[in-house]
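A short write-up of the structure that comes next.
We name chains A, B, ... by the order of the sequence lines, and we start the count at 1 in each one.
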There are 4 protein chains.
Amino acid sequence: MANLTKMEARKTQILRTAERIFGKKGFQDTTISEIAKEAKISEASIYEYFSTKEGLLFSVPTKNASELFKLMKFHLRLIRGAANKLRSIIYILLSTNEKSPDNASIVMLILKHNKKFLNSEGHLEIKKGLKIIDETIQEGINAGEFRNGINVYLTRSIIIGTIEHLVTSWLMTERPESLVHMADPLIDTIIEGIQSKTK
Amino acid sequence: MANLTKMEARKTQILRTAERIFGKKGFQDTTISEIAKEAKISEASIYEYFSTKEGLLFSVPTKNASELFKLMKFHLRLIRGAANKLRSIIYILLSTNEKSPDNASIVMLILKHNKKFLNSEGHLEIKKGLKIIDETIQEGINAGEFRNGINVYLTRSIIIGTIEHLVTSWLMTERPESLVHMADPLIDTIIEGIQSKTK
Amino acid sequence: MANLTKMEARKTQILRTAERIFGKKGFQDTTISEIAKEAKISEASIYEYFSTKEGLLFSVPTKNASELFKLMKFHLRLIRGAANKLRSIIYILLSTNEKSPDNASIVMLILKHNKKFLNSEGHLEIKKGLKIIDETIQEGINAGEFRNGINVYLTRSIIIGTIEHLVTSWLMTERPESLVHMADPLIDTIIEGIQSKTK
Amino acid sequence: MANLTKMEARKTQILRTAERIFGKKGFQDTTISEIAKEAKISEASIYEYFSTKEGLLFSVPTKNASELFKLMKFHLRLIRGAANKLRSIIYILLSTNEKSPDNASIVMLILKHNKKFLNSEGHLEIKKGLKIIDETIQEGINAGEFRNGINVYLTRSIIIGTIEHLVTSWLMTERPESLVHMADPLIDTIIEGIQSKTK
DNA sequence: CATGAATGAGCCTTCATTCAT
DNA sequence: AATGAATGAAGGCTCATTCAT
């Protein structure tokens with residue numbers, strides 16, 4: 001038990017270091033050697049816990065995503081109305097990315113475009129999150145809150161695509177301002193559209 | 001003149017080959033050796049036309065983007081109404097990416113997340129395209145066609161983010177269905193919103 | 001300890017092989033690949049012990065020079081008279097170069113003309129040797145054995161320059177005859193001059 | 001004839017440029033491309049005049065040496081006494097090297113240690129110069145000016161070796177002070193030796 | 001004669017990964 | 001369980017040289 005705990009601590013230490021360095025330098029420019037040095041562990045020991053460099057990379061967001069969607073589900077139980085739920089979802093996604101920019105970099109700049117990741121455990125977690133959004137949109141349709149004709153997949157794509165774009169732009173620049181302040185206008189625009197009502 | 005043409009042809013041949021291979025295999029997994037072999041040219045000759053592997057990568061989308069936005073501007077002159085213009089822009093962007101998946105891969109999966117590319121000529125061309133969108137949104141606001149309170153940057157982010165997400169998802173999967181059929185429902189949703197009118 | 005010994009042995013093995021090949025082929029014409037093959041070690045392993053090809057080159061004469069000057073100092077303690085000491089120094093220098101022509105080539109043909117080497121550890125060792133000569137000349141002046149007006153730096157330059165020239169010429173040709181037999185006439189000429197006494 | 005002159009001018013232009021760049025950067029770090037650019041001529045044209053990069057290098061000192069030894073012979077006719085002649089030779093050699101440090105670098109730092117150069121035309125010229133020294137020493141012996149027992153080859157080696165050493169040291173450092181002021185003490189020391197007469 | 005254009009050949013260095021201890 | 005040590009594999013880039021025009 002003590003040993004198990006110790007091993008868990010080492011694994012966590014590796015993951016935390018990997019998140020920081022992968023997040024700052026990207027996959028190619030990060031070396032196992034650097035992670036090992038920063039984590040104060042031998043290179044060989046990293047391979048005791050993770051089979052490959054890519055496996056280590058994939059492991060970083062898995063736990064994070066899992067925790068995120070648990071949190072999301074918990075919050076959504078307290079909220080009534082699909083629009084309010086979507087607002088909450090968007091807020092949580094933006095603020096989570098803002099709070100963990102290294103993890104955000106790994107997901108948004110590295111893994112989103114890695115075909116191998118599509119079949120990994122980490123991506124499964126992310127798919128669960130997408131399902132929550134889909135269900136919420138469907139709930140809004142069923143409740144008459146959203147238009148009957150809207151396409152669930154497209155609507156989710158608008159939400160996710162916009163968040164990804166905002167987060168990515170934020171990550172790629174000097175990150176001067178907060179992301180979360182975009183949540184409200186974003187959900188408003190998606191729900192109400194941009195068309196003038198007077199028309 | 002004959003020589004100029006010949007050299008232009010060689011350069012174009014390199015670019016076409018690079019586009020194909022970079023698009024299919026990504027930056028790291030593509031070797032100059034492979035491009036040279038496929039383009040039936042020596043490796044050293046590639047360095048006569050492009051100073052580095054990264055420079056070659058950056059050069060691929062530059063010309064494509066330039067041509068795209070010329071075309072876009074040309075079309076937009078013929079269209080009245082900001083909504084119609086946005087519809088056209090979205091259609092052109094989706095169909096262009098669909099027609100050139102390799103170029104799309106380079107832009108969406110490789111360069112969008114490369115900080116060095118942000119300051120390159122190719123990115124300047126892309127910025128010009130974003131400006132067209134911004135101007136069209138502003139035009140809609142000025143004409144009373146769009147709501148006065150909407151945020152131009154956010155609206156553009158919704159449009160671009162969604163397109164990027166749709167294209168990226170399409171690129172990352174088996175690409176079973178057409179992208180362009182999403183243009184109309186996408187612009188409709190953005191303009192009208194998802195809220196039920198009966199509410 | 002066993003490991004240390006093993007690693008020391010490998011390092012020595014690399015150095016010996018590098019000395020042989022650098023000495024015979026020069027710096028540019030020697031490849032790390034060849035050294036690795038001859039030393040029966042992988043190329044990558046060489047980089048475990050030496051950071052660059054140039055670093056390996058510089059390391060070759062460092063140890064040799066260090067041992068040489070220890071030996072020289074030891075011998076000089078047994079000798080009385082500055083002239084006799086200079087004779088011994090010249091003899092040791094000529095015979096050392098003759099016994100280790102590869103190391104001599106590295107020093108005389110490669111490193112003596114490398115500005116980067118001037119600031120390296122290896123050159124520091126060589127400077128110590130020059131200091132021994134200077135001190136011996138000064139000792140001869142102080143003892144009245146040598147003329148009072150002679151220039152220590154120039155005298156040392158004559159000794160070193162002549163030795164370098166003799167060794168270099170010997171290295172550049174087929175090396176038919178021995179170097180050491182020049183030691184006695186050389187020191188005699190330097191001490192007595194070439195002027196006819198009858199004059 | 002006009003053409004011949006023009007070609008001679010181009011060849012000289014290449015040689016002058018090559019001397020400057022080889023002298024400052026050494027052989028390996030000098031590229032044909034750089035010489036061509038500096039000489040305002042195409043790379044291919046250099047190969048019209050010189051067969052290889054090494055051939056160009058070898059050509060630089062050839063003409064210089066030829067002119068030097070013509071000058072030397074001319075001067076020596078005016079001088080009586082072997083010691084005076086040697087003094088003049090040393091002075092001319094030191095001042096020539098000091099006046100043309102780029103050529104000096106090529107000879108002292110590059111070519112002196114190049115075995116191929118030993119058989120080249122440029123080295124033949126240098127050998128002629130050595131012969132002048134040998135003859136002068138022999139002349140001094142025959143005239144009773146120098147000791148009968150001295151070794152001509154060794155004496156010449158002392159002279160040449162010391163000059164090479166002084167010039168090389170001067171080239172390798174910041175060249176703060178003049179070389180020629182060493183000529184007189186050098187020849188004095190060689191002729192008179194360093195031994196105290198009182199002894 | 002001059003050169004623009006093309007290339008063959010070559011090599012140092014990095015690093016993820018393995019394995020004996 | 002932990003790691004020091006070793007390496008296989010890989011690739012971008014340079015440049016002297018050639019040759020058709």
Here the distance between atom P of E:dC11 and atom CG of C:L56, to the nearest Å, is 16 Å

Sub-4.5 Å side-chain heavy-atom contact between B:F58 and B:H123: no

Under a 3.5 Å limit on both distances, the Watson-Crick or wobble mate of F:dT3 is E:dA20

Heavy-atom neighbours of B:E54 CD exceed 12 at 6.0 Å: yes

Nearest whole angstrom, please: distance from the C1' of F:dA16 to the CD1 of D:I35. 11 Å

Indicate whether any N or O donor in one side chain lies under 3.5 Å from an N or O acceptor in the other, for A:T62 and A:S59. no

Report, one pair per line, the protein and nucleotides 13-15 of chain E atoms (nitrogen or oxygen only) whose separation is under 3.5 Å.
{"from": "E:dT13", "atom 1": "OP2", "to": "C:Y47", "atom 2": "OH", "distance (Å)": "2.7"}
{"from": "E:dT13", "atom 1": "OP2", "to": "C:K53", "atom 2": "N", "distance (Å)": "3.1"}
{"from": "E:dT13", "atom 1": "O4", "to": "C:E43", "atom 2": "OE1", "distance (Å)": "3.4"}

Does B:S45 place a side-chain N or O at less than 4.0 Å from the phosphate oxygens OP1/OP2 of E:dT7? yes

Does the side chain of A:Y49 get closer than 4.0 angstrom to OP1 or OP2 of F:dA2 through an N or O atom? yes

Atom pair distance, as rounded to whole Å: NZ in B:K6 and P in E:dT3: 20 Å

Please confirm whether the shortest side-chain N or O distance from A:R10 to OP1 or OP2 of F:dA1 is below 4.0 Å. no

Find the distance A:I14:CD1 to F:dT3:C1' and express it as a whole number of Å. 13 Å

Is C:K53 positioned over the aromatic face of C:F22, cation under 6.0 angstrom from the ring centre and no more than 45 degrees off axis? no

Please give me the minimum heavy-atom distance between A:T52 and A:Y47, naming the atom from each residue. CA-CE2, 4.1 Å

In whole Å, I'd like the distance from the CD1 atom of D:I21 to the C1' atom of F:dC15. 15 Å

Apply salt bridge (Lys or Arg N to Asp or Glu O under 4.0 Å) to A:E38 and A:R20, showing your working. CA-CA 10 Å; A:E38 291 278 320; A:R20 195 173 73 242; 2.6 Å; yes

Worked verdict on B:E34 versus B:K25 for salt bridge (Lys or Arg N to Asp or Glu O under 4.0 Å): CA-CA 11 Å; B:E34 185 179 3; B:K25 310 179 76 165; 3.1 Å; yes

note: D:K40, atom NZ; E:dT3, atom P; distance rounded to Å ~ 14 Å

Over how many whole Å does the gap from A:F50 atom CZ to E:dT17 atom C1' extend? 16 Å

How many Å lie between CD on B:E34 and P on F:dA10, as a whole number? 13 Å

Between A:E48 and B:E48, which residue's closest nucleotide on DNA chain E lies nearer the 5′ terminus? B:E48

